[in-house]
Amino acid sequence: MRTGERKRTAALIPAAGSGTRLGLGPKAFVNVAGRSLLSRSVAALAPYVNEVIVALPEGLELPPGLPARAVVGGDTRQESVRRLLEATDADTVLVHDAARPFLPEHVLLALLEAVPETGAATVALPVADTLVRQSAAGDWGELTPREGLWAVQTPQGFDRAALLDAHRQAARDGFAATDDAGLLARLGVRVRLVPGDARLFKVTTPGDLALAQALARTLDEA
C-alpha cells in the first residue's frame, strides 16, 4: 500500500449456518419485523466500510438490492471466515454475526477507532450476572467471581493479514475457536476490549427471536 493511501475496510458476515435451534431454515434469512436478520446487519455495517461480503450456504443467493456480495461458506464458522478473508484485499476487516442485527452506530465507531492500536479488537460487555459452575449432580456448584469477566460480542475488528495468518495457523494445528479474536489471542496478539451494548444479543433461540421482534418494532418506529 502506498504511503498516505487510505486503508480499505471490509465487513465479513459468516452466515452459512443452518439455524437448527430456531428451526426456521438458514438463520440469516429469518424475518424480524419485515426484514431478515442479514438485511439488518448489512444495513448497519455498509455505510462505514468499503464492502460487505457474506458467506452463504451453497445454493443460496443474496436477496436483490442488498449492498453486499456473497461467497460460499464452509462447514464451520471458522472455515467460512477464512474464505471471506481470502475473498477481499481490504486492509482492515470487521467480522460480524448476522444474528446480531441491532448494531448501534457508537459501538461500531468505537471499534473502528480501536483496531489500529493493536490490530485486533472486539466488542464485549462486562458480565453482570452471578456465575456458578454446575455440580456433577446438576446443582449449584462452585461460584465464579464475575469481576474482570466480559461476554464477547461482535463485530470484531482486525488487521486482515494478521487474522488470515491466524486462521491458517489454526488450520495447520487443528485448533478451533468460538470466535476470531481467540485465534489471535492464542498467538499472543493483544486484543482490545471495546464496550458493547445489550442490544447486540445473538438471536439463537425462539425466545431470542421474540425479543428481537419486539426490539425491531420499537427501533423501526423511532
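Only a predicted model underlies this, so the values are computations on that prediction, with no experimental measurement involved. Basis for what follows: all heavy atoms, side chains included, without hydrogens, waters or symmetry-related copies.
- Across every non-hydrogen atom of A87 and V71, the tightest pair is CB-CG1, 3.8 Å.
- Annotation: side chain of I13 is in contact with side chain of V42 (closest heavy-atom distance under 4.5 Å).
- Residues L84 and P14 form a side-chain contact, since some pair of their non-hydrogen atoms from C-beta on lies under 4.5 Å apart.
- The two residues Q78 and F175 come nearest to each other via the heavy atoms NE2-O, 3.0 Å.
- Of the possible donor and acceptor atoms, none in the side chain of R82 sits under 3.5 Å from a partner among the backbone N and O of G74.
- Panel note: side chain S39, backbone R35; no donor-acceptor pair is recorded below 3.5 Å.
- Within the 3.5 Å criterion, the main-chain N or O of V49 finds no donor-acceptor partner in the side chain of T9.
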Full working for side-chain contact (heavy atoms from CB on, under 4.5 Å) between E105 and L108: CA-CA 5 Å; E105 179 185 47; L108 179 54; 5.8 Å; no
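- L200 and L215 fall into different hydrophobic clusters, where Ile, Leu, Val, Met, Phe, Trp and Tyr side chains are chained together by heavy-atom contacts under 4.5 Å.
- A pairwise comparison of heavy atoms in S135 and W140 identifies CB-O, 4.3 Å as the closest pair.
- Using a 4.5 Å heavy-atom threshold, the side chains of D179 and T154 count as separate.
- Using modelled atom types, one side-chain atom of Q213 and one backbone atom of N31 make a donor-acceptor pair closer than 3.5 Å.
- The hydrophobic clustering, which links ILVMFWY residues whose side-chain heavy atoms are closer than 4.5 Å, places V189 and L183 apart.
- Taking every heavy atom of both residues into account, S41 and A98 meet most closely at OG-O, 3.0 Å.
- Here D89 pairs with R8 in a salt bridge; the nearest charged N to carboxylate O distance falls below 4.0 Å.
- With hydrophobic clusters built from ILVMFWY side chains whose heavy atoms lie under 4.5 angstrom apart, V54 does not share a cluster with L12.
- Two residues are said to be in side-chain contact when any heavy atoms from C-beta on lie closer than 4.5 Å; L109 and H106 fail this criterion.
- For H167 (side chain) and A171 (main-chain N/O), no donor-acceptor pair under 3.5 Å exists by modelled atom type.
- Considering only heavy atoms from C-beta on, S36 stays 4.5 Å or farther from V30 through its side chain.
- Inter-residue side-chain proximity for L111 and T122 is flagged as unmet; no heavy-atom pair is nearer than 4.5 Å.
- Considering CZ of R69 and CG of L62, their distance stands at 10.5 Å, rounded to 0.5 Å.
- L125 contributes atom CG, which lies 10.5 Å from atom CG of L193 (distance to the nearest 0.5 angstrom).
- At least one donor-acceptor pair closer than 3.5 Å links the side chain of R83 to the backbone N or O of V72.
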Check step by step if side-chain contact (heavy atoms from CB on, under 4.5 Å) holds for F158 and V95. CA-CA 8 Å; F158 308 96; V95 182; 4.2 Å; yes
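- Cation-pi geometry between R40 and F102 is not satisfied (NZ or CZ under 6.0 Å from the ring centre, within 45° of the ring normal).
- Taking CG from L56 and CD from E58, the interatomic distance works out to 11.5 Å, rounded to the nearest 0.5 Å.
- With D97 as the partner, the side chain to side chain donor-acceptor pair (under 3.5 Å) test is satisfied by one option alone out of Q156, Q153, K27, R77: R77.
- The minimum heavy-atom distance between A16 and G73, with the atom names listed, is CB-CA, 3.9 Å.
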So F201 and L211, side-chain contact (heavy atoms from CB on, under 4.5 Å) or not? Walk me through it. CA-CA 10 Å; F201 65 92; L211 180 60; 3.9 Å; yes
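- In the hydrophobic clustering of this structure, V194 groups with V115; members are Ile, Leu, Val, Met, Phe, Trp, Tyr whose side-chain heavy atoms approach within less than 4.5 Å, directly or through other members.
- In this structure, the side chains of R160 and T92 stay at 4.5 Å or more apart for every pair of heavy atoms.
- Residues Y48 and L94 are not in side-chain contact: their nearest non-hydrogen atoms beyond the backbone lie 4.5 Å or more apart.
- Residues D173 and Q169 have side chains that bring a donor and an acceptor to within less than 3.5 angstrom of each other.
- The number of heavy-atom neighbours closer than 6.0 Å to CD of E117, taken from other residues, nucleotides and ligands shown, is above 12.
- Judged purely by distance below 3.5 Å, without hydrogens or angles, the side chains of Q134 and D139 never pair a donor atom with an acceptor atom.
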Given L66 and V52, is the side-chain contact (heavy atoms from CB on, under 4.5 Å) satisfied, shown in steps? CA-CA 10 Å; L66 203 66; V52 180; over 6 Å; no
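- Under the 4.5 Å side-chain heavy-atom criterion for ILVMFWY residues, a single connected hydrophobic cluster contains both L60 and L38.
- With rounding to the nearest 0.5 angstrom, the CG atom of D180 is 11.0 Å from the CG atom of L164.
- No side-chain donor-acceptor contact under 3.5 Å links R146 to the backbone of V127.
- To the nearest 0.5 Å, atoms CG (L163) and CZ (R168) are separated by 10.5 Å.
- Heavy-atom minimum distance, G141 versus V132: N-CG2, 3.6 Å.
- Using modelled atom types, no side-chain atom of D220 and backbone atom of R217 make a donor-acceptor pair closer than 3.5 Å.
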